Engineer: 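This is the structure I have questions about; it appears just below.
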Amino acid sequence: MIESLLLVDDEDLFHLVFEDACSILNIALNLEVMDSSDEVDELFRNYFETGITEGKPECVFVDLKMSNSRYDGIQLVDNINNRYGNGVVIGIISSTAEPEEIERAKLAGAQFWILKSHNIEPRLDRFKMDYPGYKNRTMDFQVYI
C-alpha cells in the first residue's frame, strides 16, 4: 500500500473517479488532490529548502495538461526530479498517450504513464502490483493503457 499519494489534476470530476478507484483497490493510506502544478512546485520547493519532509507524498500522479498552471505535467515532473531531488515515485496520468509526450516524460524522470479514463481501475490495479518496483527503482518505465 502507498502511504501517501498526491494527484495533481485540474478536473474535479476525475478527482472523484480517481479517489473511488483508489478506495476500491485499497491503494493509498492517504490521498491528497491538488489542481495546479504551481501549487505542487511550491510544495516541493518548500520540502527542498526547509529539509522538512513531513507530509511529503510518497507517490505523485501528474496530469499532462492543466489549465491555470505555469507548468505542464512533464515540466512539473522534471522540476520535482531535477530541482528538488528524486525522492518520490512520480508519473503522468493523461487522457492521451502520444509517443513524443511519453518520451518527454521519460526524459524528465517520470517512472510511468497511465491513460486516464472513467474506468481506470484495471490500470491502477496493475500499477499497484508494480509499485514496489517503482519504489525501490527496479521497475522500468511502463505505459498503462
Side-chain angles (χ1 to χ4, degrees), residues 1-97 101-118 120-144:
M1 177 178 284
I2 301 169
E3 291 294 321
S4 58
L5 189 148
L6 173 62
L7 171 66
V8 186
D9 190 293
D10 61 347
E11 294 179 39
D12 291 337
L13 180 59
F14 185 71
H15 294 179
L16 298 173
V17 169
F18 188 85
E19 289 170 359
D20 285 348
C22 285
S23 177
I24 290 166
L25 297 170
N26 197 28
I27 287 181
L29 190 60
N30 180 31
L31 173 63
E32 185 177 353
V33 175
M34 296 180 119
D35 61 5
S36 163
S37 64
D38 299 345
E39 287 179 281
V40 177
D41 188 65
E42 181 67 26
L43 179 74
F44 276 88
R45 181 179 308 127
N46 286 337
Y47 291 137
F48 180 75
E49 290 176 355
T50 65
I52 299 170
T53 59
E54 185 176 331
K56 182 179 177 182
E58 181 180 326
C59 180
V60 182
F61 285 70
V62 181
D63 188 14
L64 180 62
K65 298 189 189 304
M66 290 169 279
S67 59
N68 301 322
S69 292
R70 191 170 26 153
Y71 306 111
D72 73 8
I74 295 172
Q75 290 166 312
L76 179 61
V77 168
D78 186 61
N79 285 355
I80 290 171
N81 281 326
N82 297 313
R83 283 190 188 169
Y84 311 129
N86 186 358
V88 299
V89 173
I90 190 166
I92 299 291
I93 189 161
S94 176
S95 56
T96 65
E101 295 292 356
I102 291 171
E103 190 58 36
R104 278 186 59 224
K106 282 184 194 179
L107 292 172
Q111 293 171 275
F112 59 89
W113 186 288
I114 295 180
L115 188 63
K116 185 193 307 187
S117 75
H118 293 293
I120 196 162
E121 288 96 349
R123 288 177 289 288
L124 286 178
D125 195 33
R126 288 193 316 257
F127 171 81
K128 177 183 173 183
M129 289 186 288
D130 293 340
Y131 182 75
Y134 291 121
K135 188 173 179 178
N136 65 28
R137 306 292 194 236
T138 58
M139 185 74 183
D140 290 334
F141 184 93
Q142 295 294 314
V143 178
Y144 299 91

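Nothing here was measured: the structure is a model prediction, and the numbers come from that model.
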Engineer: Heavy-atom count check: over 12 atoms from other residues, nucleotides or ligands less than 6.0 Å from N136 CG?
Structural biologist: yes

Engineer: To the nearest 0.5 Å, what is the distance between CG on L5 and CG on L124?
Structural biologist: 9.0 Å

Engineer: Report the relative orientation of the aromatic rings in F112 and Y134; use parallel for angles under 30°, tilted for 30 to 60°, perpendicular for over 60°.
Structural biologist: tilted

Engineer: Donor-acceptor pair, distance only, cut-off 3.5 Å: does the side chain of N79 make one with the backbone of D41?
Structural biologist: no

Engineer: Minimum heavy-atom separation for S69 and S36, please, with both atom names.
Structural biologist: OG-CA, 3.5 Å

Engineer: Looking only at heavy atoms, what is the nearest atom pair of L115 and I120, with distance?
Structural biologist: O-CD1, 4.0 Å

Engineer: Spell out, as yes or no, whether a donor-acceptor pair under 3.5 Å connects the side chain of K106 to the backbone of F141.
Structural biologist: no

Engineer: Within this structure, what is the CG-OG distance for the pair N30 and S4, rounded to the nearest 0.5 Å?
Structural biologist: 6.0 Å

Engineer: Under 4.5 Å between any side-chain heavy atoms of D12 and L16, yes or no?
Structural biologist: no

Engineer: Could you walk me through whether F61 and F14 pass ring-ring contact (aromatic ring centres under 6.0 Å, His included), step by step?
Structural biologist: CA-CA 12 Å; F61 285 70; F14 185 71; 9.3 Å; no

Engineer: Heavy-atom distance under 4.5 Å between the side chains of Q142 and R126, does that happen here?
Structural biologist: no

Engineer: Answer yes or no: is there a side-chain heavy-atom contact under 4.5 Å between Y71 and V40?
Structural biologist: no

Engineer: What heavy-atom pair brings S117 and V17 nearest, and what distance separates the two atoms?
Structural biologist: O-CG1, 3.9 Å

Engineer: Hey, could you give me the CZ/CD1 distance between R123 and I114, rounded to the nearest 0.5 Å?
Structural biologist: 8.5 Å

Engineer: Do L64 and I74 come close enough that some side-chain heavy atom pair is under 4.5 Å?
Structural biologist: yes

Engineer: So, Y47 versus F44, ring centres under 6.0 angstrom or not?
Structural biologist: yes

Engineer: Decide yes or no for M66 and D35: does some side-chain heavy atom of the first lie under 4.5 Å from some side-chain heavy atom of the second?
Structural biologist: no

Engineer: Hey, could you give me the CG/CD distance between L29 and E58, rounded to the nearest 0.5 Å?
Structural biologist: 9.5 Å

Engineer: Passes side-chain contact (heavy atoms from CB on, under 4.5 Å), D10 versus N68? Steps please.
Structural biologist: CA-CA 9 Å; D10 61 347; N68 301 322; over 6 Å; no

Engineer: Which heavy atom of G109 sits nearest to which heavy atom of N81, and what is that distance?
Structural biologist: O-ND2, 3.1 Å

Engineer: First locate atom CG of L76, then atom CD1 of I90, and finally report the distance between them rounded to the nearest 0.5 Å.
Structural biologist: 5.5 Å

Engineer: Hey, does the side chain of E42 reach the backbone of E39 with a donor-acceptor pair shorter than 3.5 angstrom?
Structural biologist: no

Engineer: Are any of the side-chain heavy atoms of V33 and D9 separated by less than 4.5 Å?
Structural biologist: no

Engineer: With side chains defined as the heavy atoms from C-beta onward, is the minimum distance between R137 and Q111 less than 4.5 Å?
Structural biologist: yes

Engineer: What heavy-atom pair brings A105 and I92 nearest, and what distance separates the two atoms?
Structural biologist: CB-CG1, 3.9 Å

Engineer: Any donor-acceptor pair under 3.5 Å linking the side chain of N26 with the backbone of M1?
Structural biologist: no

Engineer: Between F18 and K116, does the side-chain contact (heavy atoms from CB on, under 4.5 Å) criterion hold? Intermediate values first, please.
Structural biologist: CA-CA 9 Å; F18 188 85; K116 185 193 307 187; over 6 Å; no

Engineer: Name the orientation class of the two ring planes belonging to Y84 and F48 (parallel below 30°, tilted from 30 to 60°, perpendicular beyond 60°).
Structural biologist: tilted

Engineer: Could you measure the distance from the CG atom of D72 to the CG atom of D63? Nearest 0.5 Å is fine.
Structural biologist: 10.0 Å

Engineer: Between T96 and E101, does the side-chain contact (heavy atoms from CB on, under 4.5 Å) criterion hold? Intermediate values first, please.
Structural biologist: CA-CA 9 Å; T96 65; E101 295 292 356; 5.7 Å; no

Engineer: Are the side chains of L43 and E32 in contact, using a 4.5 Å heavy-atom criterion?
Structural biologist: no

Engineer: Using every non-hydrogen atom in the two residues, find where V77 and A110 come nearest and quote the distance to one decimal.
Structural biologist: CG1-N, 3.6 Å

